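Before any comments, here is the structure.
Note: hydrogens, waters and symmetry copies are ignored here, and every other heavy atom, side chains too, is used. Predicted model only: the values in this text are computed from it and were never measured.
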2 protein chains.
Amino acid sequence: MAEVTGTETITGRFLMGRRRSQLTADDIAALEGSVQTVRSLPARTLMITAGERVTVSTMLLEGFICRYMDDREGLRQLVAIHVPGDFVDLHGFPMEMLDHDIATLGPVKVASWPHAALAKVMEGRPNLTRMLWFSTLLDAAMHREWIFRLGRLGAEGRVAHLMCELNVRLEMVGLASDGRFPLPLKQADLAEACGLTGVHVNRVLRSLRERGMLVFRNGIVEILDRRALATLGEFDPAYLFPDDLRKD
Amino acid sequence: MAEVTGTETITGRFLMGRRRSQLTADDIAALEGSVQTVRSLPARTLMITAGERVTVSTMLLEGFICRYMDDREGLRQLVAIHVPGDFVDLHGFPMEMLDHDIATLGPVKVASWPHAALAKVMEGRPNLTRMLWFSTLLDAAMHREWIFRLGRLGAEGRVAHLMCELNVRLEMVGLASDGRFPLPLKQADLAEACGLTGVHVNRVLRSLRERGMLVFRNGIVEILDRRALATLGEFDPAYLFPDDLRKD
DNA sequence: CATTCATGTTGATTGGGATCAACGTGACCG
DNA sequence: CGGTCACGTTGATCCCAATCAACATGAATG
């Protein structure tokens, strides 16, 4: 199980469990030193709208954030779920504009950096630059896995896979243990992440519960049979680039 | 229509149609000067296997390349299709390892750079670094759009959307005009990109043909009704970050 | 020329998840 | 305390795409 370390600092969870040790003390100090603001936001708050010009990037410190796109009828498709330690919209730094919306799920605490400050921090720090770049590519790797989920798995597999992913990611930052973690999603949100309807997610959750694999109730996930869930979701955590690459 | 310019150089199509003008002559010269090899590969060649350690990155000069992942039964899900000008696996530079396979579709010509050479080129060139980073994030943006496609669109919408995307991307690098472009995919490949079966793709293509929207035959796509196809696929090219952001 | 193999095409049937509809449950609140 | 509202639950029905099966077409090969 991952230990909770360094959470007294702002960036304590950044890349935790994934090559964080490659960050030097100077790298971390430089990042910490250029934080612009730390603030809290309530649940269900729209943070950034697609097409908006962005000049700051935000790291999630506590809580959950999602990114999503709307279809013509206004139905949402989640394209990412962020957990503490994630640099939510660092891709806005090279991109300057986002192609999707970003909103909080539950209440959150976030820190933000002006892009100008980030540029300065990266100057003369090729290694830090590469680590920041790497962190944006982790999102891309997760995107790919989500494509796989939607393209190749049935409803139960999709939910199982997502739960496995969140479990591993939260374990890496010390926020899940023994397959138990908080998740402030409604069944409808889960549906929007899995390309299903809320009604069907409800049935899938019931099935997983009855089969003794997973219970999701009151915003708490309890994975009861990790192996079975991983099998059902065809889940292999390699795409998350964890430091300890165990297969389970 | 995009003009074909600069194709006499190796990197002539890199970022063409998307902020290429932000690359300085020095940036381009530095990239050109550090190419390791240029070579041709036959169709259906596996280039990189998931999990493999990578030390070079490859730009596609001619032809088409795909990235994909296998499910448990060996069925493929394409997660990306690359067109000339794409830096196919630049994400391998910060990542050092890939989470998916890469293979050619038709025959291709590619150029490659050792990562060490890329690191050197980026040194002291923060702007070039940011443009290279940007190019990897374009892939992430396309991934997100693919998630949307699979999660929210029906079979016809998925095929329509993919065709719209390829048309715009190929136009940007001067390889499509009037909605006509070569595409060395079989119906089965299209199915693997769209999360459908080959049989159903066949029916979808017939429907699109009969409705006068699109003809795909013998590796050639002809878009007959661009507007209708974009509507069907809920396609908005903004996520491709084109220089000329027209809505169509 | 016959054979084989990959690819495309079409029909019949099945099934998973959407949709429509109703009701349950608990938190909040006037 | 009764009403309302958000969310969850369950049943009935429908429909899109999968699956199974057969055949067509054309290129490559003996």
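The pair A:Arg149-A:Glu145 fails the salt-bridge criterion, with no side-chain N (NZ, NE, NH1 or NH2) lying under 4.0 Å from an Asp/Glu carboxylate O. The existence of a salt bridge linking A:Asp139 and A:Arg144 is excluded, since no basic side-chain nitrogen approaches an acidic carboxylate oxygen closer than 4.0 Å.
Partners of B:Ala80 under the side chain to side chain contact (heavy atoms under 4.5 Å, CB included) rule, at least two apart in sequence or in another chain, are B:Arg67, B:His82, B:His143. Among residues two or more places apart in sequence or in another chain, the side-chain hydrogen bond (donor to acceptor under 3.5 Å, both in side chains) test is passed with B:Tyr68 by none. Under the salt bridge (Lys or Arg N to Asp or Glu O under 4.0 Å) criterion, A:Glu222 pairs with A:Arg180, sequence neighbours left out. Applying the side chain to side chain contact (heavy atoms under 4.5 Å, CB included) rule to B:Ser40 yields the partners B:Lys109; only residues at least two apart in sequence or on another chain are considered. Residues that satisfy the side-chain hydrogen bond (donor to acceptor under 3.5 Å, both in side chains) test with B:Ser135, not counting sequence neighbours, are absent from this structure. With sequence neighbours excluded, no residue satisfies side-chain hydrogen bond (donor to acceptor under 3.5 Å, both in side chains) with B:Arg72.
Counting only residues at least two apart or on different chains, the salt bridge (charged side-chain N to carboxylate O under 4.0 Å, His left out) pairs with a member in residues 151-161 of chain B are B:Glu156-B:Arg211.
For DNA chain C, the contact window with chain B, defined by any atom under 4.0 Å from a protein heavy atom, covers C:dT7 to C:dA12 in 5' to 3' order.
Shown for residues 199-209 of chain A: residues whose heavy atoms fall under 4.0 angstrom of DNA chain C, namely A:Val199, A:His200, A:Arg203. Within residues 212-221 of chain B, no residue is approached by DNA chain C to less than 4.0 Å at the level of any non-hydrogen atom. Less than 4.0 Å separates DNA chain D from at least one heavy atom of each of the following residues of residues 144-164 of chain B: B:Gly154, B:Ala155.
Between A:Phe14 and A:Phe87, the two ring planes are perpendicular [angle over 60°; tilted spans 30° to 60°]. Taking the six-membered ring for Trp and thresholds of 30 and 60 degrees, B:Phe235 and B:His161 have ring planes more than 60 degrees apart, a perpendicular arrangement.
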Using distance only, find each side-chain donor-acceptor pair of residues 193-203 of chain A under 3.5 Å and give its atom names and separation, not counting sequence neighbours.
residue, atom, partner, partner atom, Å
A:Thr197, OG1, A:His200, N, 3.3
A:Asn202, ND2, A:Gln187, OE1, 3.0

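Taking atom NZ of A:Lys186 as the reference point, atom P of D:dG8 lies 8 Å away to the nearest angstrom.
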